[in-house]
Amino acid sequence: MRKRILGFAAMAAASAIVLAGCSGGGAGEGGADADFDAEPTGTLNAWGFENADDVGQSRVDYAAEQLGEVEVELDATAFDAQKFTTRIASGDVPDVVQMDRRYVTTYAAQGLIMPLDECFAAQDVEPRDHWYPFVVDDVTYDDEVWAVPQFYQPPAIIVNKTVLAEAGVTPDQFDTSNPDGLIDAIGKIYQESGGVPSRLGFDPVATGQGGLWILAMGGQLNDEDGAPTLDDPSNLAGIELLKQITDAQGGFAAVKSFTDSFDTFGDNNQYVAGQVGAQVNAQWYPNVLGPYADQIDIEAVPFRDKDGEPFSVASGTAFVVPVGAKNPAAACAWMVNLTSDDAWMAAGEARAQTLKDDGGLNTGLFTGSPASDQAIRDQFVTETGNAGFDQVISTFYDVVGYGQSFGSSPAGQEIQNELNNAITAALLGDKEPEEALADAQQAAMRAYENATAG
């Protein structure tokens, strides 16, 4: 169970590596000679498919069966941005690489990966039909799709009903579109001892989920060309709401110190310990809480945008074909088969069997494909016997269709890093929000200019 939990967390966490600058030939170059229509043969070298659990291994097995005589060699070490550019420069080029989707557009702009529209055509796949359109938006640049996406685990707010009941607060009061009501609920729950928080009304996960707050409150991280827009005035609303939330609970430094002490994956996690009234969590986190179902009483409510509508953002990993790959035809076939509806159904069956053998609650798989999500839910996600968990699972399925892309940019990872820096500085009071965003914009723009200079 712990291996599966750590797999969920690793899958959801984005790397914070700053991309090494390198020269490139520009979008679209380098892939023109790839023959994606060719019959897959020979050896396929894939890198970055790390720590494959039951879900990953079942899909690898399925894809291998479809490729017949193709020999698949997996380098299961973790993706590393600097290692990737070094390997490309040295000619040590894998055929497929798995990476966080925030990197994809950077490498597309630098001419280090191939556009995949011809791959999809060869495999008779229409990306925006097979995957959620906003998931495809993550890996679209210069009117081409550059990666095969997988996974999309939406966020929602998981409330601790035991804590709420003690404070006389109801789950519906955690409405992010109603700041006054939200702050009031937080104040009723929040507890401290000697000026140090002992119970949070609401953990907004201000840096880990910063982009969610900015976009939901009407902001934007980059424009349609991928240039960063962190200093756009529309981004102030999200930061200002986060500051209200943290200031109501002793300030950001106190909140961050307290949340860093949580036993997030352990027996004394923040729900068991009664340390939070509510917290923003991605869909994988109910799997962590599953073993403690008889100790906690939880419910989920959608995260809402400024207009009161359910809101979510897409994130996850993807597969790319580097320029210079020796076997692009096999790479294309392998990636598409690995993320096909049949592969995901094999994964759903494998997960159901694992849970039957080891125990646990089936919270579903969130694949990045609406058809796969629904098929897995219909066949494998049954009532758990715990009404709270059933409601949580249902809520995540309810919000999955309300997604939006963080935005596709050659400086995508740097935009995320600089946004977190700006949020931290503003919430600590080191800078006014406008100044923090202006400084972040300058740094992100330098990264954007470097990424597109080739």
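Everything numeric in this text was worked out from a predicted model, so none of it was measured.
At most 12 non-hydrogen atoms from other residues, nucleotides or ligands lie less than 6.0 angstrom from CD of Glu349. Heavy-atom contacts from other residues, nucleotides or ligands closer than 6.0 Å to CD of Glu69 number 12 or fewer. The environment of Tyr397 atom OH is dense: over 12 non-hydrogen atoms of other residues, nucleotides or ligands sit within 6.0 angstrom. Heavy atoms of other residues, nucleotides or ligands lying less than 6.0 angstrom from CG of Asp260 number more than 12. Dense packing is recorded around NZ of Lys83, with more than 12 heavy atoms of other residues, nucleotides or ligands lying under 6.0 Å away. Environment of CG in Asp307: crowded, with over 12 heavy atoms of neighbouring residues, nucleotides or ligands closer than 6.0 Å.
When side chains are defined from C-beta on, Leu338 counts as touching Val60, because their heavy atoms get closer than 4.5 Å. Between Gln441 and Pro228, the closest side-chain pair of non-hydrogen atoms falls below 4.5 Å. A heavy-atom distance below 4.5 Å is not found between the side chains of Val323 and Ile88. Put simply, the side chain of Leu427 does not reach to within 4.5 Å of the side chain of Lys256, judged on heavy atoms. Taking 4.5 Å as the limit, every side-chain heavy atom of Asn222 sits out of range of all side-chain heavy atoms of Tyr448.
Of all non-hydrogen atoms in Ala451 and Thr106, the two that sit nearest each other are CB-CG2, 4.5 Å. The heavy-atom pair separating Val321 from Ala331 by the smallest distance is CG2-CB, 4.0 Å. Scanning both residues, Arg304 and Met217, for their nearest heavy atoms gives O-CE, 3.6 Å. Scanning both residues, Ala109 and Thr452, for their nearest heavy atoms gives CB-CG2, 4.4 Å. The minimum heavy-atom distance linking Phe366 with Pro154 is given by the pair CD2-CD, 3.7 Å. Pro302 and Pro310 make their closest contact through CB-CB, 4.1 Å (heavy atoms, listed as atom of the first residue, atom of the second, distance).
The distance from the OG atom of Ser315 to the CD atom of Gln416 is 9.5 Å, given to the nearest 0.5 Å. Annotation: the span from Cys332 atom SG to Met114 atom CE amounts to 11.0 Å, rounded to 0.5 Å. One finds the CZ atom of Phe389 at 3.5 Å from the CD1 atom of Ile298 (value rounded to the nearest 0.5 Å). The CD1 atom of Ile245 lies 5.0 Å from the CD1 atom of Ile186; values are rounded to the nearest 0.5 Å.
Asp390 pairs by the salt bridge (Lys or Arg N to Asp or Glu O under 4.0 Å) definition with nothing, not counting sequence neighbours. Under the salt bridge (Lys or Arg N to Asp or Glu O under 4.0 Å) criterion, Arg87 pairs with Asp75, Asp92, not counting sequence neighbours. Remark: Asp37 pairs with no residue by the side chain to side chain donor-acceptor pair (under 3.5 Å) rule, at least two apart or across chains. Contacts of Arg128 classified as salt bridge (Lys or Arg N to Asp or Glu O under 4.0 Å), with partners at least two apart in sequence or in another chain: Asp137.
Checking each of Leu182, Asp175, Thr176 against Asn178 for a side-chain contact (heavy atoms from CB on, under 4.5 Å) leaves exactly one that passes, namely Asp175. Test Asp358, Asp53, Asp357 against Arg351 for salt bridge (Lys or Arg N to Asp or Glu O under 4.0 Å) and you get one pass: Asp53. Each of Phe151, Phe380, Tyr62 was scored for a ring pair (Phe, Tyr, Trp, His ring centres under 6.0 Å) with Trp344, with one residue passing: Phe151.
Applying the salt bridge (charged side-chain N to carboxylate O under 4.0 Å, His left out) definition to pairs two or more places apart or across chains, those involving residues 425-439 are Lys431-Asp439. Judged as a disulfide (SG to SG under 2.5 Å), not a single pair has a partner in residues 415-450 (not counting sequence neighbours).
With hydrogens and angles disregarded, no donor-acceptor distance shorter than 3.5 Å links the side chain of Gln283 to the backbone of Gln153. Listed for the Gln150 side chain is no donor-acceptor partner under 3.5 Å among the backbone atoms of Gly368. Using modelled atom types, no side-chain atom of Asn45 and backbone atom of Leu74 make a donor-acceptor pair closer than 3.5 Å. With hydrogens and angles ignored, the 3.5 Å screen pairs a side-chain donor or acceptor of Asn327 with a backbone N or O of Thr41. Asp95 places no side-chain N or O within donor-acceptor distance of the main-chain N or O of Ala46, the cut-off being under 3.5 Å. Checking side-chain atoms of Ser394 against main-chain N and O of Gln391 turns up no donor-acceptor pair under 3.5 Å. When atom types are taken as modelled, the side chain of Gln249 and the backbone of Phe202 share a donor-acceptor pair closer than 3.5 angstrom. The backbone N or O of Ala350 lies less than 3.5 Å from a partner atom in the side chain of Thr354, making a donor-acceptor pair. For Asn269 (side chain) and Phe265 (main-chain N/O), no donor-acceptor pair under 3.5 Å exists by modelled atom type. Side chain of Ser257 to main chain of Ala254: no donor-acceptor pair is present (N/O by atom type, distance under 3.5 Å, no hydrogens or angles).
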| field | Chi angles and distances behind the side-chain contact (heavy atoms from CB on, under 4.5 Å) call for Val135, Arg101 | value | CA-CA 9 Å; Val135 169; Arg101 293 204 288 266; 3.9 Å; yes
| Does the side-chain contact (heavy atoms from CB on, under 4.5 Å) test come out yes or no for Phe303 and Trp213, once each step is laid out? | CA-CA 9 Å; Phe303 193 97; Trp213 287 91; 3.6 Å; yes
| Step by step, would you call Thr264 with Val288 a side-chain contact (heavy atoms from CB on, under 4.5 Å)? | CA-CA 8 Å; Thr264 302; Val288 176; 5.6 Å; no
| What's the verdict on side-chain contact (heavy atoms from CB on, under 4.5 Å) for Thr140 and Val145, showing C-alpha distance, side-chain angles and the deciding distance? | CA-CA 4 Å; Thr140 299; Val145 181; 3.8 Å; yes
| Working for side-chain hydrogen bond (donor to acceptor under 3.5 Å, both in side chains), residues Tyr132 and Asp373 | CA-CA 10 Å; Tyr132 294 98; Asp373 285 354; 2.7 Å; yes
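Side-chain atoms of Asp223 and Thr229 form no donor-acceptor pair, as typed in the model, at a separation below 3.5 Å. For the residue pair Tyr271 and Asn281, a side-chain donor N or O sits within less than 3.5 Å of a side-chain acceptor on the partner. For the residue pair Tyr152/Ser312, the side-chain donor-acceptor check at 3.5 Å is satisfied. For the residue pair Thr259 / Asp203, no side-chain donor-acceptor distance below 3.5 Å is found, with atom types taken as modelled. Judged purely by distance below 3.5 Å, without hydrogens or angles, the side chains of Ser408 and Thr105 pair a donor atom with an acceptor atom. Looking at Ser405 and Asp138, their side chains do bring a donor and an acceptor atom within 3.5 Å of each other.
Between Trp47 and Phe79, the ring planes are tilted. Angles from 30° to 60° get that label. The aromatic rings of Trp146 and Tyr141 sit tilted, their planes meeting at an angle between 30° and 60°. Ring-plane geometry between Tyr103 and Tyr107 is classed as parallel, the angle between the planes falling under 30 degrees on a 0 to 90 degree scale with a further cut at 60. Ring planes of Trp334 and Phe319: perpendicular class, angle over 60° (limits at 30 and 60°).
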